Amino acid sequence: MAFFPVLLFLLSVVQRGSSQDPDEDSLAVPRGCGWGLVRPYTLLCDLDSVWGVAVESAAAGGALAAILLGLIILCRLHHVSEAEKRSGVGPILLLLLGILGLFGLSFAYLIERDEQLCLLRRALWGLLFALCFSCLLVQGVRLRRLGRERRSPGGCALTGLALGLSAVQGIIAAEWILLTVLREGRAACQYLPLDFSLACSYVLALLLAALGAASFALCGKTRQWRCNAIWLLSACLLSLLLWVAWVGFYLYGNAWLERSPDWDDPALAIALVAQGWLLLLFHAVPEAHSCLRSPPQPSAPDYFDTSQAPSRMRETSFDEDIPLSHRQFPENQGYGFDENTAGLRSAGNHNGNTAPRPSAPFRSNVYQPTEMTMILNGGAVPSAPPTYTGRQLW
């Protein structure tokens, strides 16, 4: 409910612009409209109604940011080589299209009502929100698959799923307009706020499903995509709070403040702009940065760092190209020294003492390679050189 005080503050300036007499307002040019703009477009430039100028500026800035982000993604798309990252580009571009539609639809609430404009509002409101929340849902499914199976569905499949889910809301909005306008003969601008909110029930269901998918994506085995899941969960939670705020104010806040006819359009326009910026900052920008970021380069191992695991030594020998007859096979001096020492000790014992003493085993005719020779030959024991005839101990 943090959006509720902000919504009240922005709507409090509407009373100042609507307190004038209708006849005087139709004849006088609003302050700031010096470019020939007349009714019903005076809210686009009227400085007395500050909310119209504020919503217009925020919507224009958000639309420009969404267009620039989409162009950056398209220009850098050929640098994305990983299949896991390329699968998220399609839903991001579709989400940016929906965000651009939200910002564009907010301008329809800055113009005075007529039949065609009311039809456009009722048809596109739920459809654009359903498109955005469907993109959030398929992103949650994608991150869930990446966290569990380390693979993702194709980008075309995810984009088609998002379009199919949003098309359901288009059918619901078309049925609502046909039943109320054509069959019952009502004016397009005459509808109850409760009917308008109930027509968006499917949109709210998509948002709750996206919230659940983002929560399940956090339970994945790999931590590589956990940051993306956190951003997605934040976007879904803030969107849910925003929807609770604007639906509660639209249904009960206006009636409680006795501003029901005057503050309906400002409340819906502010909700559109706030939702667009929320999706842009908390999901589109982080997800685009994650997709366009280059993979980390493997660093060279530090052989002097004892904390690292010892790497496998080079299995090839440096003298592979040297003929066998020209290779140097140094004798194991350690074994030779031990054997000579053992032999001298054994001889001394036999000369000075007749007691039997354990003698060293005779290994002079067995070739015993050194440790360096074994390392250079990949760990295998090499064969003796042709010129080796055995070590003479005496």
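Only heavy atoms go into these numbers, but all of them, side chains included; no hydrogens, no water, no symmetry mates. All values derive from a computational prediction rather than experimental measurement.
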Under a 4.5 Å cut-off applied to non-hydrogen side-chain atoms, are L93 and L97 in contact?
no
I'd like to check the side chain to side chain donor-acceptor pair (under 3.5 Å) partners of S87; sequence neighbours left out, ordered by chain and number.
R142, S152
Kindly assign one of parallel, tilted or perpendicular to the pair W246 and W125, based on the angle between their ring planes and the thresholds 30° and 60°.
perpendicular
Any donor-acceptor pair under 3.5 Å linking the side chain of R144 with the backbone of F216?
yes
Can you give the donor-acceptor pairs under 3.5 Å from side chains of residues 52-76 to other protein atoms, not counting sequence neighbours?
| residue | atom | partner | partner atom | Å |
| --- | --- | --- | --- | --- |
| S57 | OG | V53 | O | 2.9 |

Hits for side chain to side chain donor-acceptor pair (under 3.5 Å) against R86, two or more places apart or cross-chain, chain-then-number order -> none
Would you confirm whether Q139, through its side chain, and A229, through its main-chain N or O, come within 3.5 Å as a donor-acceptor pair?
no
Please check: side-chain N/O of R121 versus main-chain N/O of A108, any donor-acceptor pairing under 3.5 Å?
yes
Please name all residues satisfying side chain to side chain contact (heavy atoms under 4.5 Å, CB included) with V141, sequence neighbours left out, ordered by chain then number.
none
Do side-chain atoms of S134 reach the backbone of A130 as a donor and acceptor pair under 3.5 angstrom?
yes
Sequence-distant partners of R183, salt bridge (charged side-chain N to carboxylate O under 4.0 Å, His left out), two or more places apart
none
Output every pair passing side chain to side chain donor-acceptor pair (under 3.5 Å) with a member in residues 187-205, not counting sequence neighbours, ordered by first then second residue.
none
